[in-house]
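Working notes, structure below.
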Amino acid sequence: MANVAVDKDQQWLMNCLSASLDPNQEVRSFAEASLDQASLQPGFGRGLSQVAANRDLPYGLPALILKQFIRKHWQEGDESFQPPAVSSDEKAVIRGLLLSTLDDPNRKLCTAISMAIAAIAVYDWPESWPDLLPFLLKLIGDQTSMNGVQGGLRCLALLSGDLDDTMIPTLVPVLFPCLYTIVSSSQTFNKYLRTKALSVVYACTSMLGAMSGVYQVETNALMEPMLKPWLDQFSFILEHPVQPEDTDDWSIRMENFPSFNESLFMVIVGPLWQTFVSSLSVYTRSSIEGTEDPYEGSYDSDGAEKSLDSFVIQLFEFLLTIVGSTKFVQVVANNIADLVYYTIAFLQVTEQQVHTWSMDANQFVADEDDVTYSCRVSGALLLEEVATSCGGDGIDAIINAASKRFSESQQEKAAGSVVWWRMKEATLFALASLSEQLLEAEVSGLTKVSIGNLLEQMVTEDMGIGIHEYPFLYARMFISVAKFSSVMSGGILEHFLLAAMKTTGMDVPPAVKVGACRALSQLLPEANKSTIEPQMMGLLSSLTDLLHRASDETLHLVLETLQAAIKAGHESSASAEPIISPIILNMWVLQISDPFICIDAIEVLEAIKNTPGCFLPLASRILPYIGPVLNENAPTDVVKAAYDVCFDAIIRIVLESDDHSEMQNATECLASFVSGGRQELLSWGSDSGFTMRSLLDAASRLLDPDLESSGSLFVGSYILQLILHLPSQMGQHIQNLIVALVRRMQSASIEGLRSSLLLIFARLIHLSAPNVEQFINLLMTIPAEGYQNAFVYVMSEWTKQQGEIQGAYQIKVTTSALALLLSTRHPELTNINVQGHLIKSISGITTRSKAKSAPDQWTIVPLPAKILALLADALIEIQEQVRDAEDEDSDWEEIHGDMDSDKNLLSSAAATPFGRSGYEHLEAMAKAYNENQEDGYEDNILSVTDPLNELNLANYLADFLLKFSQSDRQLFDNLCQCLTRAQQDAIKVALNR
């Protein structure tokens, strides 16, 4: 395209753009403000496009700003939209100018233009921009303009992420031949362009893979004619050995790992293996030895990483997919031994890791915990898949390969190699990563090889090596011994246990101490008391000293080890309590904003508390810190002592602090005081009226609708304790409390906060029984913004949130409260309509444009029908948990028969009960439900003081349904007609007892 003439407005725009890059802050700020003001004027987008299309400008800034402009002003109704909107005429001009610039030779400019086109396509393509794809196809098909091919492919690569199931079937037959021409013409197109073409192929085939679940026949018919030539091309790319100096070659191979039909997969097995094997030698030189990788950390013009590590990781991911596929694993089954053998070599510590881990112990811990992704992590995942998918053959291949690699490392050591330790460390790392599978295989008889004997041979061979010379190998031996402690001899375990205890206090490399701590965490719980007792005081002292120098990941590890040491220390732990407790308490205070460290610190305090003779001194020491251990059933005198020290300060925090973390902790402490002190709490101060007013003032601040939700997060637990333990005092303020609850709930932005407030309404309903109708009438007199009254609002929110409420106690209270509401048959119930079930009206893949044009729609149902449906859903959940808890020949049977023909559900309830008695069913349901909820969620410890926590929900619902159905059969039958088949079945089971 010829250069665009520059008028006065465009010159001003170019000057502003240049000034926005000025190093002078005042100049830059003025230019940015001018651009923001200009963006509100008609024609700004056209001007930006014209400047972007002017090839005299050496930068792509106009296109980048244009992308931001499009996001803000292109589509009315979009969440990021800001007025004014771009006119239809201006949109057409912008689209045309951008397309005409795609053949620019400047890669960065071309990428910026492509991003702007992709931003527009989100809103306009294909409906308002039907000529976009034809233009791009023409561009990539014109071999006379490589710049045009480059621009078209870049744009297609960005657009391919938004392709859906309606576009792919018509696009692929036209697009793939063009892409195949590019990929297969290595003499005409360079590797960069061929890689881009493959990336588009990958995006399209990924969508086809997603479609195949629903449109398998159509997808197979579409792709089958094209697979053979494409696989031949993939084979050609993969068959050449990997070259260390050619990063574009790595990139094109990375785009070459899609899914294949089983019958065609054999075409690429040989070339793929060639790529895998040849990659190892290149990876060894460039990464492990660190002698050849000039491209480490480099990126191409599109921002894609070009390192060999990223290539090897993707290669492992592809191999993992193959091994994990029941279709393809048999293809590589004969080569599993070689696959494992080569994979272990890829797990060697790289030169970069040696440098990083030696300087940063936190990074070593993070990498060990799989927090960061690397060749070691992805290779270990591949070995794990081999063990899982290949059974005994896979286990034997892993053990044999490990033995072979161990022997090779010993041979290298004997030959005087300085890096012999790397292969041994990699072998131990591989085995330790698979410890669970290997131990299970030995126990089940899947393998006849003794894992313990193999490990003992490997670790005893080098027990005398220098810690400073081989720190990472020494660390790996510590970790491996701990992982396989159940199958190793007592002598070996004792040696490494005592060595680890001694190492924590020695001047050794950080990695060795990390390994020692990991070993201690696992070995101490099973250690012989007489063996460790003489060393325990020294260990506790060393770990306490390490706390002062640890941070981040290492701090977590040291706290974990300290917890294990305290539990194993017995008398030594009690002697060390005066030293350890203050340090942990100070750490808790300093790290209060870090939830993970706080949890670790609290667990250490918990271990101290459970040590004989440590509870009282810890309690007295913890009072100034407002310790969290106070909540756990502390004696009343301990609660009073804490009250005397800090009640006033906690009230001040709630009333005055703007720190949400502080407010949350203070709220929990207030709840603990009310739960522990109850009515006595009011007599602890000099003025009981002042204490109650302070509690109410705190509640008022926490329920302030203008307070950010995070600050109010635990107010539900606090209010719950007030109404449970100070009912007469709270009864005087019930109307004001409800008003505040409604206002706080309406302004809450955190779902958990709304759920906790709904729990309060549910508990108030129970407290109002048997006069629940009066409570409903009270709610009807209270206003709620946007709703007829507070009752309408609360029930609308409650019925939407009930399915998301978590915790056995919370579900018991809210579900039973819904039953109480329904039992009143209050006339207002039938006047309220609430959200029913989701209507799935959008077919195919839901793209962003579809979601915006057709948001989720819900049915509207009467409130009584919704309540009955929620009660049925609770029964379904309980019954499913019973089935999970019982053996395969469970007494539960599937209900057959057409429920739609059961116009009267009561008549079906007279059928013969199932195998065991109805009472036994309900007891089993309650037991399974409570166990499941306790496993999944840790109920607020304060809820145990509520009698409703002992409610047998299955019994309660069954009794309610029976009484409700008998009292008003016609209403019950009518409501049941609104239920799903599964909900009707669940009610039938409950009635058949």
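Remember, predicted model here, so these are calculated numbers, not experimental data.
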Tell me if the [atom1] atom of [X] is crowded by more than 12 foreign heavy atoms within 6.0 Å.
X	atom1	answer
Lys67	NZ	no
Phe596	CZ	no
Glu317	CD	yes
Arg743	CZ	no

Checklist entry - Relative to the ring of His73, is the ring of Phe81 parallel (under 30°), tilted (30 to 60°) or perpendicular (over 60°)? => result perpendicular
Is a donor from one side chain sitting under 3.5 angstrom from an acceptor on the other, for [X] and [Y]?
X	Y	answer
Ser551	Asn362	yes
Asp142	Thr144	yes
Ser657	Asp659	no
Ser710	Gln664	yes
Ser186	Arg194	no

Next on the checklist: Under 4.0 Å between a side-chain nitrogen and a carboxylate oxygen: does that hold for Asp124 and Arg95?
Outcome noted: yes
Could you measure the distance from the [atom1] atom of [X] to the [atom2] atom of [Y]? Nearest 0.5 Å is fine.
X	Y	atom1	atom2	value
Ser145	Asp103	OG	CG	5.5 Å
Trp12	Ser34	CH2	OG	5.5 Å
Cys178	Leu156	SG	CG	9.5 Å
Leu175	Tyr180	CG	OH	15.0 Å
Ser287	Glu351	OG	CD	10.5 Å
His355	Gln363	NE2	CD	12.0 Å

Item to check | The single option from Leu193, Val183, Ile182 passing side chain to side chain contact (heavy atoms under 4.5 Å, CB included) against Leu198 | outcome: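 When Leu193, Val183, Ile182 are each tested with Leu198, the side chain to side chain contact (heavy atoms under 4.5 Å, CB included) holds only for Val183.
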Item to check | Where Leu132 and Ala121 come nearest, the two heavy atoms and their spacing | outcome: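 Distance-wise, the nearest heavy atoms are CD2-CB, 4.1 Å.
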Next on the checklist: To check you understand the geometry: which heavy-atom pair defines the closest contact between Glu90 and Pro42, and what is its length?
Outcome noted: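 Scanning both residues completely, I find the closest heavy atoms to be OE1-C, 4.3 Å.
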Checklist entry - Under 3.5 Å, is there a donor-acceptor pair between the side chain of Ser199 and the main chain of Lys196? => result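 Between the backbone of Lys196 and the side chain of Ser199 there is a qualifying donor-acceptor contact (under 3.5 Å).
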Please table the atom pairs, donor to acceptor, closer than 3.5 Å between any side-chain atom in residues 19-31 and protein atoms at least two apart or in another chain.
{"residue": "Ser20", "atom": "OG", "partner": "Leu17", "partner atom": "O", "Å": "2.5"}
{"residue": "Asp22", "atom": "OD1", "partner": "Asn24", "partner atom": "N", "Å": "2.7"}
{"residue": "Asn24", "atom": "OD1", "partner": "Glu26", "partner atom": "N", "Å": "2.9"}
{"residue": "Asn24", "atom": "OD1", "partner": "Val27", "partner atom": "N", "Å": "3.2"}
{"residue": "Gln25", "atom": "OE1", "partner": "Arg28", "partner atom": "NH2", "Å": "2.5"}
{"residue": "Gln25", "atom": "NE2", "partner": "Ser29", "partner atom": "OG", "Å": "2.7"}
{"residue": "Arg28", "atom": "NH1", "partner": "Asp22", "partner atom": "O", "Å": "2.8"}
{"residue": "Arg28", "atom": "NH1", "partner": "Pro23", "partner atom": "O", "Å": "3.3"}
{"residue": "Ser29", "atom": "OG", "partner": "Gln25", "partner atom": "O", "Å": "2.9"}

Checklist entry - So Phe176 and Cys204, side-chain contact (heavy atoms from CB on, under 4.5 Å) or not? Walk me through it. => result CA-CA 9 Å; Phe176 272 35; Cys204 292; 3.7 Å; yes
